[in-house]
Amino acid sequence: MSDASRPEAGFPAPGGPPAPDDVTALDRLAAAGDVTVRAGGHDLLVMVDEVGSAERLTPEAVAALLPRVRLVLADFAAVRERAAAFLWEWGAQGEETEEERARFHRVMVPTTLTVTGAAQFAVHFEARPTEHAADAPYLLDGYWPAVHLDAELLPDRVTIEA
């Protein structure tokens with residue numbers, strides 16, 4: 001079976017883990033520093049974030065992170081839901097309607113998952129307008145929110161990235 005015919009090459013598929021002989025997309029992360037995968041119904045750029053690191057992570061150091069990255073991606077639908085709910089609560093003023101909350105969850109799409117050498121994760125979101133251009137007025141152009149996860153993969157804090 002070719003990589004193109006596999007829905008999420010190298011990731012746990014419904015019904016079981018990937019075949020042991022798969023050369024997974026994540027294995028390319030160790031060499032390249034980033035890779036795009038499909039997780040939780042979203043195309044997601046997985047990146048090694050070396051900001052704050054004293055030196056560049058070696059491919060071996062990145063490879064050591066892969067089991068934890070795989071766990072996050074295997075449960076990404078739930079990780080995304082928790083992160084989006086946390087982001088909503090972080091930015092809500094308290095007077096929003098249920099319709100506004102639903103619209104927010106519809107247009108805020110995860111685009112990137114970053115992982116540090118210390119196996120810390122952040123989910124980066126982007127507002128993607130629907131058929132109504134006014135559906136995504138959450139941040140100025142060029143800025144996006146990132147929800148940082150704690151050791152239990154629960155949302156911990158939000159930063160605004162540029």
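Every heavy atom of this structure was used, including side-chain atoms; hydrogens, water molecules and symmetry mates were not.
- Atoms CZ and CG, from R80 and L87 in turn, are 9.5 Å apart once rounded to the nearest 0.5 Å.
- Q93 meets the side chain to side chain donor-acceptor pair (under 3.5 Å) test with no other residue; sequence neighbours excluded.
- A search for side chain to side chain donor-acceptor pair (under 3.5 Å) contacts involving E81 returns nothing, not counting sequence neighbours.
- Scanning for side-chain contact (heavy atoms from CB on, under 4.5 Å) contacts around V35 gives A25, L26, R28, L29, V37, V46, with sequence neighbours left out.
- Under the 4.5 Å side-chain contact rule for hydrophobic residues, V109 and V158 do not share a cluster.
- At a threshold of 4.5 Å between non-hydrogen side-chain atoms, the residues W90 and P145 do not count as touching.
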Mind listing the side-chain donor-acceptor pairs of residues 149-156 below 3.5 Å, one per line with the distance, residues two or more places apart or on another chain?
unit_1 : atom_1 : unit_2 : atom_2 : d
D150   : OD1    : E152   : N      : 2.9
D150   : OD1    : L153   : N      : 3.1
D150   : OD1    : L154   : N      : 2.9

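- The shortest distance between side-chain heavy atoms of R82 and D75 falls below 4.5 Å.
- Considering only residues two or more places apart in sequence or on other chains, R157 meets the salt bridge (charged side-chain N to carboxylate O under 4.0 Å, His left out) condition with none of them.
- Linking Ile, Leu, Val, Met, Phe, Trp and Tyr whenever their side-chain heavy atoms come within less than 4.5 Å leaves V48 and L71 in two separate clusters.
- Minimum heavy-atom separation, P67 to A64: CD-O, 3.5 Å.
- Counting all heavy atoms, side chain and backbone alike, F125 lies closest to P110 at CD2-N, 3.7 Å.
- Taking CH2 of W144 as the reference point, atom OG1 of T111 lies at 8.0 Å (rounded to 0.5 Å).
- Think of M47 as one node in a network of Ile, Leu, Val, Met, Phe, Trp and Tyr side chains linked at under 4.5 Å; its network also takes in L45.
- In terms of the side-chain contact (heavy atoms from CB on, under 4.5 Å) criterion, residue partners of Q120 (sequence neighbours excluded) are, by chain and number, T116, A118.
- Shown here for L73 and A39, the closest heavy-atom pair between the two residues is CD2-CB, 3.7 Å.
- For T159, the side chain to side chain donor-acceptor pair (under 3.5 Å) partners two or more places apart in sequence, or in a different chain, are H148, E161.
- How far CG of L65 is from CZ of F121: 7.0 Å, rounded to the nearest 0.5 Å.
- W88 meets the side-chain contact (heavy atoms from CB on, under 4.5 Å) test with A92, E96, E100, R101, F104, H105; sequence neighbours excluded.
- Take E99 and apply the side-chain contact (heavy atoms from CB on, under 4.5 Å) test, not counting sequence neighbours, and it matches T97, R103.
- Residues satisfying the side chain to side chain donor-acceptor pair (under 3.5 Å) criterion with D43, sequence neighbours excluded, are R38.
- Atom-to-atom distance recorded for D49:CG and L113:CG is 10.5 Å, nearest 0.5 angstrom.
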